[in-house]
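Single-structure report; data block below.
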Amino acid sequence: RRRQRQMCIRDRPTASMKKEKKIIWLLTGIAAVSLLVLCTVVIVRTATYPFIRTTGPDGPPRSVEPSAQAVERLAGGIRIPTVSDAIDRTDDNPFQAFKAYLPQAYPAIYSQLDTLTINEYGLVFRWPGKNPALPPILLCSHYDVVPVLNYDPSAPDAPLPGWDYPPFSGAVADGRIYGRGTLDMKGMLFSILEATDSLLAEGFRPERDVWIALGFDEETGGTQGALKIARYFEEQGIAFDAVYDEGGIIIAPGLGGIQRTAALVGTAEKGFSTIRITVRGTGGHSSMPPEKGSLVLAAEIIEQLNREQMPAFLTAPVIAFLDRIGGSMGVAQRTAIANRWLLESLLLRSFESNPATNALVRTTTAITMARGSDAANVLASEAEVTVNFRLLPGNTTAQVKRHVENICNGYDVRIEELSTREPSQISPDDVHAFEMIRTSLAGLYPGTIVTPYLTLGGTDAYKYEAAVSYTHLRAHETSQDL
């Protein structure tokens with residue numbers, strides 16, 4: 001009996017261990033099967049994911065040789081220094097000069113199209129179409145340019161560091177036109193006018209009305225140019241089928257892992273919020289500093305703002321972009337895009353690893369200005385920090401302000417919104433307006449992926465949202481077109 005009891009005692013742990021082993025084996029088997037199923041789902045989904053594929057070989061762009069007259073007209077426009085801060089000049093005003101230059105350069109446009117001027121320098125043209133029942137389209141550009149560092153208007157031909165030719169020379173050399181505004185945005189402005197002038201010479205008449213709006217203060221906010229032009233359209237009850245303005249670029253194969261040429265068409269743009277934070281602290285003389293003065297407290301807030309960024313997420317334009325470029329990327333990228341339900345966090349981390357792509361997936365935080373005392377030996381009782389946020393569609397300026405308030409909780413601060421603008425609406429890409437861009441680009445750049453994209457900077461297109469039926473698009477710009 002004692003021997004049997006000893007055997008039972010010895011057998012108990014053995015039986016228990018066997019039971020535990022069975023459970024472990026069962027759980028391991030379940031995990032293995034689950035992993036196998038998961039891998040199978042990922043592989044199948046990657047193989048069958050409906051990436052929107054571009055057919056045809058990725059060939060060289062179609063060669064379009066501009067006429068000598070077209071080149072000279074653009075060069076002449078570049079030579080007029082319409083720098084944004086010169087708008088109020090009373091003598092030798094470049095905006096007045098540019099306004100007078102266009103009728104000389106394009107007499108046919110001014111004689112055959114309806115023209116009007118809004119707020120002195122806003123230039124508007126209407127090209128009547130055959131069918132007034134069709135909603136019109138609007139082509140936008142602007143002719144103001146940003147200032148040139150160290151440029152002296154009294155010595156316009158003086159050489160400047162970083163410039164091959166003087167910034168307003170309009171020099172034509174090596175197949176290029178040099179000068180401020182060639183890309184932003186006189187190049188597109190003159191492209192619109194050249195196309196219009198050429199079609200008028202052929203006797204062409206569009207099916208629908210085509211409007212052209214040329215702003216003059218886009219670089220400083222567009223409140224006097226595009227905004228007032230947009231109000232004119234609204235007052236006249238003019239609703240556009242689509243608004244086309246500056247936007248993305250055409251990128252070469254290989255950039256960002258994309259193996260084909262890709263044309264990025266902006267279908268939305270980010271908003272912005274500039275906030276000033278005034279931090280209160282103990283002032284006094286630098287000989288008896290407190291443990292933490294106002295500037296030190298401001299530095300703590302700066303550190304928290306920089307560390308605690310707003311959350312990243314994918315917007316509709318970026319998802320559409322991924323669906324179009326994914327088919328021409330490597331296996332790892334295709335797998336992540338096709339399985340966002342599982343791998344979205346990895347996809348977002350990939351975007352976050354680069355400043356340019358990080359801006360596509362989050363409302364960014366940029367500490368742009370800080371101010372403390374005006375003297376080296378004085379402690380200011382207040383310090384100021386200015387922060388510029390660029391908002392993703394889906395975020396609001398109210399959310400940004402709450403984000404700042406949460407970070408500043410516990411500090412004695414005053415928070416002021418200096419300037420704000422909500423993100424734009426998102427234009428659909430399954431409409432005729434987008435298809436027009438896609439087919440046009442397919443003819444100019446064979447095999448190119450044409451994809452929606454998120455425009456990171458601000459454009460005049462935003463001002464026209466109230467006057468557009470259902471979509472506004474920011475067309476590409478590319479140096480090859482210029």
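Just so it is clear, the values below take in all heavy atoms, side chains as well, and ignore hydrogens, waters and symmetry mates. Remember, it's a predicted structure, so these values are computed and weren't measured experimentally.
- Taking 4.0 Å as the cut-off between side-chain N and carboxylate O, Arg231 and Glu234 do not count as a salt-bridged pair.
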Let me see the working for Thr115 and Leu123 under side-chain contact (heavy atoms from CB on, under 4.5 Å), right down to the final yes or no. CA-CA 8 Å; Thr115 63; Leu123 307 179; over 6 Å; no

Working note: Asn388 + Thr368, criterion side chain to side chain donor-acceptor pair (under 3.5 Å); need CA distance, chi angles, decisive distance, verdict. CA-CA 7 Å; Asn388 181 256; Thr368 55; over 6 Å; no

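- Shown here is Arg62, whose CZ atom has no more than 12 heavy atoms of other residues, nucleotides or ligands within 6.0 Å.
- Relative to the six-membered ring of Tyr462, Arg421 meets both conditions, a distance below 6.0 Å and an angle of at most 45° to the axis.
- Between Leu113 and Val210 the shortest side-chain heavy-atom distance does not fall below 4.5 Å.
- Side chain of Thr363 to main chain of Leu392: a donor-acceptor pair is present (N/O by atom type, distance under 3.5 Å, no hydrogens or angles).
- Considering Trp127, Tyr244, Phe233 as possible partners of Trp211, the one that fulfils the ring pair (Phe, Tyr, Trp, His ring centres under 6.0 Å) test is Phe233.
- Using a 30° and 60° split on the angle between ring planes, Phe190 and Tyr106 fall in the tilted class, from 30° to 60°.
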The test is side-chain contact (heavy atoms from CB on, under 4.5 Å); show your working for Leu346 and Arg349 and say whether it passes. CA-CA 5 Å; Leu346 293 176; Arg349 278 202 290 273; 2.9 Å; yes

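- Put simply, the residue from Thr365, Thr364, Asn358 that forms a side-chain hydrogen bond (donor to acceptor under 3.5 Å, both in side chains) with Arg362 is Asn358.
- Side-chain atoms of Asp217 come within 3.5 Å of backbone atoms of Gln224 as a donor-acceptor pair (strictly under, hydrogens ignored).
- Classified by interplanar angle (parallel below 30°, tilted 30° to 60°, perpendicular above 60°), the ring pair Phe95/Tyr121 is tilted.
- Looking only at distances, no side-chain donor or acceptor of Lys401 sits under 3.5 Å from a matching main-chain atom of Glu417.
- For residues 144-179, the set of pairs meeting the ring-ring contact (aromatic ring centres under 6.0 Å, His included) definition, not counting sequence neighbours, comprises Tyr151-Phe168, Tyr165-Tyr178.
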In sequence, state the C-alpha distance, the side-chain angles, and the governing distance for Lys463 and Glu218, and then conclude on salt bridge (Lys or Arg N to Asp or Glu O under 4.0 Å). CA-CA 10 Å; Lys463 315 293 191 306; Glu218 192 273 346; over 6 Å; no

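- Ionic pairing of Arg176 and Asp164 is not present here: no N-O contact between side-chain nitrogen and carboxylate oxygen is shorter than 4.0 angstrom.
- A perpendicular orientation is assigned to the rings of His403 and Phe389, their planes being inclined by more than 60° (bins at 30° and 60°).
- For residues 71-85, the set of pairs meeting the salt bridge (charged side-chain N to carboxylate O under 4.0 Å, His left out) definition, not counting sequence neighbours, comprises Glu72-Arg79, Arg73-Glu194, Arg73-Asp197.
- A donor-acceptor pair under 3.5 Å is formed between the side chain of Arg180 and the backbone N or O of Pro147.
- Checked by atom type and distance alone, the side chain of Asn339 never pairs as donor or acceptor with a backbone atom of Leu342 at under 3.5 Å.
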